[in-house]
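Presented below is the structure to which this report refers.
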Amino acid sequence: MDNYDLLVVGSANADLVVQVERRPAAGETVLGSDLVVHPGGKGANQSVAAARLGARTALLARVGDDSHGRLLLDSQRQAGVDTVGVLVGGAPTGVALITVDPSGDNSIVVAPNANGRLTPQDVRSAASLFCASRVVSTQLEIPLETVVEVARSVTDGGRLVLNPSPPQRLPHEVLAACDPLIVNEHEARVIAGSDLGDSPDDWATALLSLGPRSVVITLGAAGALVAEQAGARVWVPSVEVEAVDTTGAGDAFAAALAWRLGLGETLAEAAVYAARVGAVAVTRPGAQESYPTTEEVAAL
Ligand code: RIB
């Protein structure tokens, strides 16, 4: 039974954000703007993005029993995410230290904290959420052994969407379960190792040879390349917008794509829609606060 269009398993962070004119070099100090604290984390961002679009969404994550954890739970509930799978305690909530420059680009350092305590057993204990979900989406801000358990827990007929961020080499078992694996160039290079080739088409070939059923390579202003084991390759154009803050735009893209796949769209159709969602997200500050409704996507 499909109670959820999307189950997201992943991180939840308090994003501590400072605007800077430029990032400091090693040993240098720069002054930035006043600090702003936003709800973030790649997992929590994805669940909010999907729920804001109207997807029936659940989040499996771990936060601390602290004010950052409450900020994150409030944000999930306001967006309409089912937080029955959000575990509380064991360590302080994860924190992301983020600088955003005038072009809207960000640099992020994450202290995993409670995210690092989301265990394979937590995943096994949430079996009913997996049984009730059409699509499962995850990332790599939680322990790799937990991601392996997520891949094992996707039910027959279910679908796993993985954005391997921050990237690391992955076991075949995880790669073979991905449909799709969503990567940017940097992530593709880490996942595939040195044998990636020169063009995005080569990258797709190299990545598909590692086992995923499909791959989506995001290329910023150049759009995205969609490649399936059995199927033609499709270029998806980007949507031109004025970027204010790119934080969390990739999470919105992944969430929208996962949701639309669950609705029965082809991978290329879902990627076209996801590109529009990501485009709206970069025009607004923050991660979760920047995510659009379906009406706002239609108005783009
Ligand atoms: O992808 C953006 C997210 O990465 C931020 O919200 C931050 O928490 C880090 O996890």
Side-chain angles (χ1 to χ4, degrees), residues 8-20 23 35-52 59-64 66-76 78-79 81 86 91-101 104-118 137-144 146-147 161-168 182-187 190 216 218 220 243-258 274 277-292:
V8 180
V9 187
S11 59
N13 296 326
D15 287 355
L16 311 190
V17 184
V18 179
Q19 309 276 340
V20 290
R23 297 198 176 78
L35 179 76
V36 181
V37 181
H38 295 292
K42 296 184 194 304
N45 290 349
Q46 285 194 7
S47 52
V48 165
R52 197 154 295 149
L59 174 66
L60 174 56
R62 184 176 287 277
V63 298
D66 50 29
S67 59
H68 287 160
R70 287 185 281 283
L71 171 79
L72 283 151
L73 279 165
D74 285 350
S75 177
Q76 295 293 315
Q78 271 170 26
V81 176
V86 180
T93 301
V95 171
L97 307 175
I98 302 181
T99 54
V100 179
D101 71 19
D105 281 338
N106 61 62
S107 297
I108 305 178
V109 177
V110 172
N113 297 342
N115 300 309
R117 274 74 164 183
L118 188 72
S137 176
T138 192
Q139 327 76 33
L140 297 184
E141 284 185 339
I142 54 175
L144 184 55
T146 306
V147 173
V161 174
L162 171 65
N163 172 218
S165 178
Q168 58 176 293
I182 303 175
V183 289
N184 61 24
E185 178 179 354
H186 168 64
E187 290 152 3
V190 175
V216 176
T218 56
V244 169
D245 181 354
T246 57
T247 309
D251 305 327
F253 178 93
L257 183 134
V277 174
V280 178
V282 303
T283 64
R284 303 167 178 175
Q288 294 174 24
E289 291 96 328
S290 72
Y291 296 156

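Counting starts at 1 for both ligands and their atoms, in listed order. Note that the numbering runs from 1 along the sequence shown for the chain.
Nearest approach of Gly10 to Ile142, heavy atoms of both residues: C-CG2, 3.7 Å.
With Ser11 contributing its side chain and Lys42 its backbone, the two residues share a donor-acceptor pair below 3.5 Å.
Legend: residues meeting side chain to side chain contact (heavy atoms under 4.5 Å, CB included) with Ala287, ordered by chain and number and at least two apart, are Asp15, Asn45, Thr247, Tyr291. Listed by chain and residue number, nothing satisfies the salt bridge (Lys or Arg N to Asp or Glu O under 4.0 Å) test with Arg117 (two or more places apart in sequence, or in another chain). Contacts of Asp101 classified as salt bridge (Lys or Arg N to Asp or Glu O under 4.0 Å), with partners at least two apart in sequence or in another chain: Arg23.
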Write out each pair where an N or O from ligand 1 and one from the protein are under 3.5 Å apart, with the distance.
{"residue": "ligand 1", "atom": "1 (O)", "partner": "Lys42", "partner atom": "NZ", "Å": "2.9"}
{"residue": "ligand 1", "atom": "1 (O)", "partner": "Asp251", "partner atom": "OD2", "Å": "2.7"}
{"residue": "ligand 1", "atom": "4 (O)", "partner": "Lys42", "partner atom": "NZ", "Å": "3.0"}
{"residue": "ligand 1", "atom": "6 (O)", "partner": "Asp15", "partner atom": "OD1", "Å": "3.3"}
{"residue": "ligand 1", "atom": "6 (O)", "partner": "Asp15", "partner atom": "OD2", "Å": "2.6"}
{"residue": "ligand 1", "atom": "6 (O)", "partner": "Gly41", "partner atom": "N", "Å": "3.0"}
{"residue": "ligand 1", "atom": "6 (O)", "partner": "Asn45", "partner atom": "ND2", "Å": "3.0"}
{"residue": "ligand 1", "atom": "8 (O)", "partner": "Asn13", "partner atom": "ND2", "Å": "3.1"}
{"residue": "ligand 1", "atom": "8 (O)", "partner": "Asp15", "partner atom": "OD1", "Å": "2.5"}
{"residue": "ligand 1", "atom": "8 (O)", "partner": "Gly41", "partner atom": "N", "Å": "2.9"}
{"residue": "ligand 1", "atom": "10 (O)", "partner": "Asn13", "partner atom": "ND2", "Å": "3.0"}
{"residue": "ligand 1", "atom": "10 (O)", "partner": "Glu141", "partner atom": "OE1", "Å": "2.9"}
{"residue": "ligand 1", "atom": "10 (O)", "partner": "Glu141", "partner atom": "OE2", "Å": "2.6"}

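For the atom pair CG (Asn13) and OG1 (Thr93), the distance works out to 9.0 Å, reported to the nearest 0.5 Å.
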